[in-house]
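Before any comments, here is the structure.
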Amino acid sequence: MAVSSLSLNWVSTTLSKKLNVAYPNELTRSATAFSCQNFFTCPEDISSDEENKSKRRLLLMGAGLLTANLLPANPLFAQEIPKNYDAFVDRIDGYSYVYPSDWTEFEFTGHDSGFKDRYLQLQNVRVRFIPTNKKDVHDLGPMEEVVSNLARHVYAAPNQVADILDMQEKSVDGKNYYTFEYILTSPNYSSASIATIAIANGRYYTLIVGANERRWKRVRNKLKVVADSFRILDI
């Protein structure tokens with residue numbers, strides 16, 4: 001993944017964020033990550049791809065650190081990053097979002113990027129995209145039908161019940177987004193999430209940020225900032 005993880009204070013950017021710079025070799029990806037019909041049931045036989053990614057990152061560490069120190073602050077977020085959040089920008093894959101500045105980057109199977117709470121790993125954000133011949137999220141159908149199908153038949157496992165709490169549609173810079181909040185309840189566990197979906201660049205993008213349902217009231221507004229910040233960039 002070719003990305004930049006930036007904050008308003010460039011000088012204090014952490015080492016892990018400095019490594020999130022544009023790596024040409026990262027354009028070689030495993031097709032497995034984008035060929036899954038169900039967003040949460042991708043095959044897990046991509047360990048070799050993850051190993052290759054790690055090797056590339058190590059080989060390019062020196063160049064990455066140098067590049068990070070030379071790049072200027074990202075003008076896209078110069079006036080928009082909320083306090084206590086950092087911006088993640090992937091100019092090659094065409095998307096960006098903000099995440100809590102105390103979260104750490106992590107690998108989530110079948111996803112392009114992800115960050116999680118340092119102590120509560122179920123509290124996280126992840127982004128994935130799959131190819132599509134559709135041009136806009138409206139091509140999927142009315143928001144109510146699309147959201148219902150995703151929450152109940154795509155995101156929910158067979159033993160889970162989905163409850164949709166809210167859904168919103170917005171347009172930013174000519175691009176349309178569906179954002180919706182939902183709870184997935186199973187016999188022993190419940191999670192709450194907010195998802196934002198969009199279509200552009202021949203890709204169907206999905207951002208999901210969530211947490212344990214028991215903590216949802218405490219963290220919901222904080223995580224809503226992440227979901228609302230998701231933007232598609234032209235590539």
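For this chain, numbers begin at 1 and follow the sequence in order. Quantities reported herein were computed from a predicted structural model and do not represent experimental measurements.
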Derivation of the side chain to side chain contact (heavy atoms under 4.5 Å, CB included) call for D166 and Q168: CA-CA 7 Å; D166 184 42; Q168 300 173 351; 3.2 Å; yes
Sequence-distant partners of R220, salt bridge (Lys or Arg N to Asp or Glu O under 4.0 Å), two or more places apart: E181
Distance-only donor-acceptor check, side chains S101 and N84, under 3.5 Å: no
F88 and F115 aromatic ring geometry - parallel, tilted or perpendicular at 30°/60° bounds: perpendicular
Results of side chain to side chain contact (heavy atoms under 4.5 Å, CB included) for D117 - residues two or more places apart only: W103, Y119, L120, Q123
For the student: nearest non-hydrogen atoms of D234 and N201, plus distance: CA-OD1, 3.9 Å
Side-chain ion pair, K135 and D139, N-O less than 4.0 Å: no
Any donor-acceptor N or O pair under 3.5 Å, side chains S229, Y99: no
Ionic contact status for K175 with D136, cut-off 4.0 Å: no
Smallest separation among heavy atoms of A87 and I81, with atom names: CB-CD1, 3.7 Å
OG-CZ distance between S96 and R231, expressed to the nearest 0.5 angstrom: 7.5 Å
Residues D228 and Y177: side-chain donor-acceptor under 3.5 angstrom: no
Centroid-centroid distance, Y178 to F180, less than 6.0 Å: no
Y189-V219 co-clustered via ILVMFWY side chain contacts under 4.5 Å: no
Joint cluster assignment, Y155 & L165, ILVMFWY side-chain distance < 4.5 Å: no
